[in-house]
Amino acid sequence: MDPMDAIKVTFFQECDEQLGELEAGLMALEEGTGDRETVNAVFRAVHSVKGGAGAFGFEDLVKFSHTFETVLDLMRSDKLAIEPDVLHVMLRASDVLADLVHAARDGGTVDQDRCAALMEELEHLALGDSAAPAPAPVAAVTSAPASPDAEPEPDEWGFVPLRISIDDVPLLDEPAAPASDEEIWKVTFTPRPALYAKGSDATILLRELAILGECDVAVDDSLVPSLDAMDVNASYLSWTCFLNSDKDEAAIREIFEFVEGDCDLIVERIVVSTPAPITAPMPVIEPIAPPPVAIVAPAPTAKPTAAPPRAAPAASKAAPAAAASGDGEGKAAANATIRVDLERVDRLIDLVGELVINQAMLAQRVAETGVVRSSNVAMGLDELEQLTRELQDSVMAIRAQPVKSVFQRMPRLVREIATATNKQVRLVMDGEGTEVDKTVIERLSDPITHMLRNAVDHGLETTQERIDAGKAAEGTIRLAALHRSGRIVIEVSDDGRGINRERVKAKAIEKGLIAADLNMTDEEIDNIIFLPGFSTASAISDISGRGVGMDVVKRSIQALGGRISINSNPGKGSTFTLSLPLTLAVLDGMVVSAAEQTLIAPLTTIIETLQPKPGEVRRLGPNRTVIAVRDAFVPLVDVGVALGFRKESAQPDSGVVLLVESEGGGRAALLVDDIQGQRQVVIKSLEANYQRVEGVAAATILGDGRVALILDVDGLIAQRVSETRAETQLAKAG
Amino acid sequence: MTNDDIEFAQNRLELISFRIGEQEYCVDIMAVREIRGWAAATPLPQSPPYVRGVINLRGAVLPIIDLANRLGFGVTEPDARHVIIVVRIGGRVVGLLVDAVSEILTTTADAIQPTPDVACDAVKRFVKGILAVEGRMISWIVLDQILPDQSLEEAA
């Protein structure tokens, strides 16, 4: 990649982080939980975006962020009060800023009108509320009032000094910094005039030396005469370097190889005990050539007390330089995180997945040879299995991410829908730190977006209706994430009107989705909204779409191996609960066989397994069967027949029944021939090389190297259950 | 290098030929990833008869297409002598079940004759041309449409 492009990529990545910070900060301020530091953080975020944008010449972005920054600066210096109205403008401004950043990244365009309108609002804030009589926005920035804390001030180019942790760089006033009794090199280097005459440069040599290891250089200028006595051809300076390196003397001498005859060079090994080698007052650095690396730059006046603070930043530069030279001694380890290409992580996960399969294959082969369980081989295999498991867990943990990345986009969405529908909405978020696999995160965004849209558009009443109903004018929507029994649960709840069951049912009958005389429980009625083609909104709205809403949500959740359920309380609100596996890479499954095929049923869907007794299975009509489970009749699906592996249903009492729960909470029974056991399987997509297959969620590879299909339990029973439901109710009655 | 040589280099086409029953077919060598022996496939529900099922290819799940059946012949009863040609079609990797692989042919695009009009629909859909090599007739198969057409099936 072009280096400039690479820098740009980093800039946009950072922009996304900054925008997240900005929004989070503004919301904290809105809720009243923010403090002075929050205002500073918000200012910093906008400022960094502006700085970077300026460097890349994104004019629009610079202009907008500049105005935004001006207003924030007023707030920072207490000239603008932190009020809800102001924050509202700022939140919308942060949305526009995000748009501008994305437009700059993807080369798209932004809504100019909206952008201009907000610019105006911001300028209005900057002028109107300012305590000082109308300072021009630009002036406000350039004058940059000092903030009360030691916040680094931007310079005139808009760059903020970055604080770098120098904790593990030995400071001059920190005698304990270097480990005691270290052996280091002391290199005394005194160039003769001939060295300069031949065009050599002492600075370059010293820089070379610094690459070998951590290097402290002191210059001796005691021989420098006063200006009038100075001979331009003479050499007055000499350097003493303390080099902490594991290289040998030859390597050090090699640097000076070309100037060997033109300088005095003393290389000696010395043992330093505490304090640090450079405890002597630091002499002045050679003014004409300050080498960029690892050379401690003291104050020019050689006042020892002034040296440490100046030395610190310079010394800190030594660490990255040393690390970059490939000889770094872990100084760069101060970084707690690294950016890694997702591709590499995915590759690693794939490899570990294959390792798990191979390990299982090996174990099976060894077991087939009849090895005793207590033998060394079997025990070694057990250990291997444990290690593989641990390795897999650790690798999966790398890809786990907090749901925050999805959640932080939602406040904006809710704001926009609230504006469009003319409702007052407050979004409360909870559990943003809940971690889940990246593959799941990516697919969370759409369902959550849909559910929030629905909540604002359909769930909440209009402001007037709320007031009439004696509720707070502002509706509250809660978005929460939590871990529950190995799954991630996302809840979207509103305090709106709840589902109007009469209306839903009437609508469903009108649309022919259900039979008119069907007896339905409240729960069943609530679940009608997940049926394809159902929409109660009398007028098609832009926000929730054309009745494609909830069934799409449901399908995409199912595709992820998740479930969605609804709990509604008329007049009080509804809660949508979405439960998803933590990862899409592995699954706990029950290995079953049907019609000589080995299949995997996801463990999470199975409520219980039972052996049907003769007489419990009843035929219903020509080709339907139900099974009596504790006085309730549950539709029975023969997996072998449903998948088309055999024509005739097996004798039910010779097989095993898996009682499963479907999406709506309805139950069904799957008939298989046998249960082979439970195991964790690695999920392999069928779609990657083929296409989606009805009744099959995915595939996996078994211990013997063969492919086994993972059942899509809901898909398998959905059709059959609906066909059987009416008949079951007849059976109940009779 | 003569002009003919240059032209030859530009139109050069390398093909792998294989047998289905008594007939010979070939595919572009650039699409072929590897050739392996037959391994029992796991059948897929609700799939057309020419989809034999899926196999495990070093951790990837690979669909196996019975090429003979796809071309309108009967269903192959594979045994250990049958061969799977692993090909890349678009972004997908697919195994083609054939009777045996014969050789690698080097030819030019000009040498390929259009498919005669007598062929049935299945053949016309997949055979994009015919190659005459030493008195043998080899049909060139284009792989784009070998997989089941999902959009069509969904509409049905």
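Below, read A as the first sequence line, B as the second, and so on, with proteins coming before strands; counting in each chain starts at 1. Reckoned from all heavy atoms, side chains included, excluding hydrogens, waters and symmetry mates.
- If you measure heavy-atom distances from A/Q597 to chain B, the contacts under 4.5 Å come from the side chain alone.
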request  = Could you walk me through whether A/L702 and A/R679 pass side-chain contact (heavy atoms from CB on, under 4.5 Å), step by step?
outcome  = CA-CA 10 Å; A/L702 292 178; A/R679 60 179 294 181; 4.2 Å; yes
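- One finds the CD1 atom of B/I64 at 13.0 Å from the NE2 atom of B/H82 (value rounded to the nearest 0.5 Å).
- Among all heavy-atom pairs drawn from A/Q392 and A/V352, the shortest one is CA-CG1, 3.7 Å.
- For chain A, the nearby part of B/A41 is the backbone; its heavy atoms alone come within less than 4.5 Å.
- Using cut-offs of 30° and 60° on the angle between ring planes, the pair B/F18 and B/Y25 is parallel.
- With respect to chain B, the highest number of heavy-atom pairs below 4.5 Å among A/N689, A/L709, A/V707 belongs to A/N689.
- Across B/L44, B/L62, B/I55, B/V94, the residue that shares the most heavy-atom pairs under 4.5 angstrom with chain A is B/L44.
- For A/S685, the part lying near chain B is the backbone, with the side chain staying farther off; criterion is any non-hydrogen pair under 4.5 Å.
- Of the residues considered (B/P43, B/P45, B/A40), B/P45 shows the highest number of contacts with chain A, using heavy-atom pairs under 4.5 Å.
- Here the shortest heavy-atom pairing between A/A601 and A/L711 reads CB-CD1, 4.3 Å.
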